[in-house]
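Structure first, then comments.
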2 protein chains.
Amino acid sequence: MGINAVFEALSHPVRREILQLLRGGPMSAGALAEHFTLSKPTLSVHFAKLKEAELVAVERQGTSLIYHLNMSILEEALSGLMSFKEPKS
Amino acid sequence: MGINAVFEALSHPVRREILQLLRGGPMSAGALAEHFTLSKPTLSVHFAKLKEAELVAVERQGTSLIYHLNMSILEEALSGLMSFKEPKS
DNA sequence: ACTCTAATTAGAGAAATATCTAAATAAGGC
DNA sequence: GCCTTATTTAGATATTTCTCTAATTAGAGT
């Protein structure tokens with residue numbers, strides 16, 4: 001959990017591309033999967049890792065699962081690395 | 001090479017800790033290794049991955065190899081991620 | 001309840017990663 | 001040239017990661 005899961009999640013190019021796609025707004029698992037040549041189950045595993053790292057959040061809409069980007073976790077992880085850690089204001 | 005190598009390098013906690021140590025200034029391989037319980041050859045492999053990603057640069061001083069942090073690659077990769085502009089992989 | 005669509009979980013195999021010990025390389029001093 | 005120190009490279013093994021197909025879960029409509 002925590003920072004390890006975040007950097008582990010960021011280490012795979014497909015997962016970074018998923019984040020990139022979500023930058024344009026929330027998308028369903030199926031819509032995301034269409035952007036790749038990988039099988040849906042494979043993509044589903046990538047989604048699970050992003051979710052475990054809390055880089056994305058998921059919400060059900062009917063039979064679809066909609067993923068959205070969680071920017072704050074990303075900022076937190078990266079600023080931790082750079083030690084931009086600001087004292088509490 | 002490129003962005004893939006950078007995020008792959010950042011994915012391991014030991015390598016992130018090496019970068020943190022180097023933030024305090026350049027250090028030799030041996031001095032870095034003292035901060036870990038891992039064997040020197042293992043650390044050497046971690047150094048090699050950081051070097052391949054160009055997150056560190058190395059310079060010889062006598063029998064010692066001195067590692068330096070390359071902040072610009074780090075900033076480039078992280079800010080690239082934040083703005084989701086991934087350079088060609 | 002049955003069926004259709006959307007997506008995940010399970011199981012398996014291949015490929016990559018991390019770690020160790022032992023051997024090799026490089027530089028400096030005698 | 002030989003020895004010592006510092007570090008890397010090689011080889012082996014255990015663990016983890018990635019990917020697939022097949023099976024399962026979940027919801028909506030009829």
Side-chain angles (χ1 to χ4, degrees), chain A residues 1-22 25-70 77, chain B residues 1-22 25-70 77 86 89:
Chain A
M1 290 283 266
I3 206 85
N4 280 344
V6 173
F7 280 104
E8 172 58 36
L10 291 175
S11 71
H12 198 287
V14 164
R15 289 191 292 263
R16 290 198 305 277
E17 197 169 342
I18 291 167
L19 294 179
Q20 209 174 159
L21 288 166
L22 290 177
M27 288 175 77
S28 72
L32 283 166
E34 279 176 13
H35 287 80
F36 300 89
T37 55
L38 299 166
S39 72
K40 281 186 182 179
T42 295
L43 266 297
S44 194
V45 171
H46 286 306
F47 299 153
K49 295 201 172 185
L50 289 168
K51 198 170 56 178
E52 189 202 333
E54 296 177 79
L55 283 164
V56 302
V58 65
E59 164 205 15
R60 182 175 280 280
Q61 241 172 57
T63 60
S64 294
L65 292 176
I66 311 295
Y67 285 93
H68 18 101
L69 188 58
N70 183 359
Chain B
M1 299 281 225
I3 205 80
N4 281 343
V6 173
F7 281 105
E8 173 57 37
L10 290 175
S11 71
H12 199 288
V14 164
R15 290 192 291 264
R16 290 198 304 277
E17 197 168 342
I18 291 168
L19 294 179
Q20 297 277 17
L21 287 167
L22 290 178
M27 289 175 77
S28 71
L32 283 166
E34 279 176 13
H35 287 79
F36 300 90
T37 56
L38 298 166
S39 72
K40 280 183 182 181
T42 294
L43 266 296
S44 194
V45 172
H46 286 305
F47 299 153
K49 296 203 171 184
L50 289 167
K51 197 170 56 180
E52 188 203 334
E54 296 179 80
L55 284 164
V56 302
V58 64
E59 163 206 17
R60 182 173 282 278
Q61 243 171 55
T63 60
S64 294
L65 292 177
I66 311 296
Y67 284 93
H68 309 245
L69 186 58
N70 184 356
E86 279 204 56
S89 47

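Within every chain, numbering begins at 1; the chains are lettered A, B, ... in the order of the sequence lines, protein sequences first and strands thereafter.
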Original post:
With A/S44, which residues qualify under side-chain contact (heavy atoms from CB on, under 4.5 Å), at least two apart?
Top reply: none
Side chain of [X], heavy atoms from C-beta onward: which of [options] has the nearest atom to it?
{"X": "B/A29", "options": "C/dT9, D/dT8, D/dC20", "result": "D/dT8"}
{"X": "A/Y67", "options": "C/dT17, D/dG27, C/dT8", "result": "C/dT8"}
{"X": "B/K40", "options": "D/dT7, C/dT17, D/dT5", "result": "D/dT7"}
{"X": "B/P41", "options": "D/dA6, D/dT8, C/dA7", "result": "D/dT8"}
{"X": "A/S39", "options": "C/dT17, D/dT21, C/dA7", "result": "D/dT21"}
{"X": "A/L38", "options": "D/dC20, C/dT8, D/dA28", "result": "D/dC20"}
{"X": "B/H12", "options": "C/dT19, C/dA7, D/dA26", "result": "C/dT19"}

Output the rounded distance in Å from [atom1] ([X]) to [atom2] ([N]).
{"X": "A/I66", "N": "C/dT5", "atom1": "CD1", "atom2": "P", "value": "18 Å"}
{"X": "A/R60", "N": "D/dA26", "atom1": "CZ", "atom2": "C1'", "value": "5 Å"}
{"X": "B/E8", "N": "C/dA16", "atom1": "CD", "atom2": "P", "value": "11 Å"}
{"X": "B/F36", "N": "C/dT19", "atom1": "CZ", "atom2": "P", "value": "10 Å"}
{"X": "B/L43", "N": "C/dT17", "atom1": "CG", "atom2": "P", "value": "18 Å"}
{"X": "A/E34", "N": "C/dT5", "atom1": "CD", "atom2": "C1'", "value": "14 Å"}
{"X": "A/E17", "N": "D/dC18", "atom1": "CD", "atom2": "C1'", "value": "16 Å"}
{"X": "A/E52", "N": "D/dT17", "atom1": "CD", "atom2": "C1'", "value": "13 Å"}

Original post:
Which residue, A/T63 or A/K49, contacts DNA chain D at a nucleotide closer to its 5' end, judged by nearest heavy atom?
Top reply: A/K49
Subject >> 5' precedence on DNA chain D between A/V45 and A/G62 (nearest-nucleotide basis) >> reply: A/V45
Original post:
Can you tell if the side chain of B/L32 reaches within under 4.5 Å of the side chain of B/F47, non-hydrogen atoms only?
Top reply: yes
Original post:
Is there side-chain contact between A/R15 and A/E8, with at least one heavy-atom pair below 4.5 Å?
Top reply: yes
Original post:
More 5' along DNA chain C: A/T42 or A/S64, using each one's nearest nucleotide?
Top reply: A/S64
Phosphate OP1/OP2 of [N] contacted by [X] side-chain N/O (<4.0 Å):
{"X": "A/R15", "N": "D/dC18", "value": "yes"}
{"X": "B/H46", "N": "C/dT19", "value": "yes"}
{"X": "A/S44", "N": "C/dT9", "value": "no"}

Original post:
Looking across every strand, which nucleic acid part, if any, lies under 4.0 Å from B/Q61 by heavy atom: base, sugar-phosphate, or nothing?
Top reply: nothing
**OP:** Select base, sugar-phosphate, or nothing to describe what A/K51 touches, counting heavy atoms under 4.0 Å on all strands.
**Re:** nothing
Subject >> Heavy-atom closest pair, residues A/R16 and A/L10 >> reply: NH1-O, 2.8 Å
**OP:** Tell me yes or no: between the side chains of B/H68 and B/E59, is some donor less than 3.5 Å from an acceptor?
**Re:** yes
**OP:** Mind running side chain to side chain contact (heavy atoms under 4.5 Å, CB included) on B/L19 and B/L55 for me, showing each step along the way?
**Re:** CA-CA 8 Å; B/L19 294 179; B/L55 284 164; 4.2 Å; yes
